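What you see is a predicted model, and the numbers here were worked out from it, not measured in a lab.
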Amino acid sequence: MQMKMIRKLPVPHEIKEQFPISDRARQTREVRMEEMKAIFRGDDDRMLLIIGPCSADHEESVMDYIYRIADVQNKVKDKIMIIPRIYTNKPRTTGEGYKGMIHQPDPEKKPDMLEGIIAIRKLHIRAVEETGMIFADEMLYPENHRYLSDILGYVAVGARSVEDQQHRLTASGVGIPVGMKNPTSGDLSVMMNSITAAQRGHTFLYRGWEVETEGNPYAHAILRGLVNRHGQNRQNYHYEDLIHLYDLYQEKQLANPAAIVDCNHSNSCKQYIEQIRISKEILHSCRYSKEVRSLVKGLMIESYIEDGCQKIGEGIYGKSITDPCLGWEKTEKLIYELADLL
């Protein structure tokens with residue numbers, strides 16, 4: 001069995017030099033990062049809303065969505081801090097399907113990793129510079145983080161990656177808030193161990209270097225539901241689940257106890273419309289319990305311009321080509337409703 005070498009790709013430093021961020025974008029990121037960290041510390045009682053397409057597919061429609069979200073952010077900024085999703089690499093359970101813009105900057109063409117790396121950097125930079133917001137992506141490949149390390153605002157480690165040593169150690173040194181999802185099995189001890197590891201300092205091998213990290217005090221939990229041994233989706237966003245996570249945090253004595261609740265995936269059984277009901281139930285739990293409110297720092301919602309999803313090649317503008325998403329009209333209405341409940 002052989003691995004065919006196609007070409008040597010530029011290292012992150014070379015890509016950053018070729019496509020630098022402006023001083024204005026750098027300052028914007030620093031200011032917004034401090035706002036978000038204050039929410040995780042409990043110094044700011046606003047709610048985070050990490051929201052956007054399941055996967056970024058076309059720059060034009062992604063930016064269209066982001067402009068719309070930026071307008072809504074201005075209207076709810078006293079209650080909610082919005083961190084739009086620009087997810088450029090996607091885990092695939094069977095290895096099949098669209099793996100994200102980093103693989104295919106054009107979903108209808110063959111993979112091109114160099115063009116993909118350039119495309120995702122240009123998209124993230126454009127989004128920060130043109131909207132003054134900061135953005136979230138997924139850490140699917142820890143070694144690729146450096147291509148975006150100077151522009152990303154938030155990163156999530158997925159349910160299939162959270163047990164991996166390299167993800168945990170890399171998360172300890174990225175310098176931005178990192179959400180650790182519970183594994184697909186739902187075992188919260190795995191997630192808590194991952195947060196513990198990410199909050200500690202380590203020495204390890206990264207991109208051919210021996211590196212040292214100080215630990216990330218903003219590593220935190222993301223509850224995304226689970227799949228039981230019979231292959232059935234089960235939820236973990238209910239009041240009892242949140243209290244249980246609160247108690248686990250008290251036992252661990254970790255810095256900045258925090259949870260983001262993913263309203264889609266197994267929590268919604270991938271029924272995207274359920275995100276509306278689920279998000280409101282979570283806020284009800286926050287109003288009922290001061291412990292839950294102190295723990296829950298935000299929600300994660302998958303939304304795009306059009307409801308649902310489509311197959312690659314159907315060509316419907318702003319409609320997800322991976323998991324189904326909540327459409328724009330429902331999204332905008334929901335954000336205002338959430339702000340009114342806070």
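Other residues, nucleotides and ligands contribute over 12 non-hydrogen atoms within 6.0 Å of the CD atom of E130. By the 6.0 Å contact criterion, CD on Q232 is enclosed, its count of non-hydrogen atoms from other residues, nucleotides or ligands being greater than 12. For OH of Y336, the number of neighbouring non-hydrogen atoms (other residues, nucleotides, ligands) closer than 6.0 Å is greater than 12. A 6.0 Å sphere centred on CD1 of I6 holds no more than 12 heavy atoms belonging to other residues, nucleotides or ligands.
In this structure a side-chain-to-backbone donor-acceptor pair under 3.5 Å is missing from R224 to N267. Between the side chain of R85 and the backbone N or O of C54, at least one donor-acceptor pair lies under 3.5 Å.
Using a 4.0 Å cut-off between charged nitrogen and carboxylate oxygen, R7 and D112 count as a salt-bridge pair. Look at R168 and E163 and you find no salt bridge, because none of the NZ, NE, NH1 or NH2 atoms lies under 4.0 Å from a carboxylate O.
Ring-plane geometry between F204 and Y206 is classed as perpendicular, the angle between the planes exceeding 60 degrees on a 0 to 90 degree scale with a lower cut at 30.
A salt bridge (Lys or Arg N to Asp or Glu O under 4.0 Å) with E337 is found for one member of K280, K330, R277 and no other, namely K280.
For residues 141-159, the pairs satisfying side chain to side chain donor-acceptor pair (under 3.5 Å) are K16-S149, H103-Y141, R121-D150, Y154-H220, with sequence neighbours left out.
Judged by distance alone, the side chains of E129 and S22 do bring a donor and an acceptor atom under 3.5 Å apart. For Y237 and S285, the side-chain atoms include no donor-acceptor pair closer than 3.5 Å.
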Taking distance alone, no hydrogens or angles, what donor-acceptor pairs closer than 3.5 Å link side-chain atoms of residues 76-83 to residues at least two apart or in another chain?
unit_1 : atom_1 : unit_2 : atom_2 : d
K79    : NZ     : A339   : O      : 3.2
K79    : NZ     : L342   : O      : 3.2

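Partners of D64 by salt bridge (charged side-chain N to carboxylate O under 4.0 Å, His left out), not counting sequence neighbours, listed by chain and number: R68.
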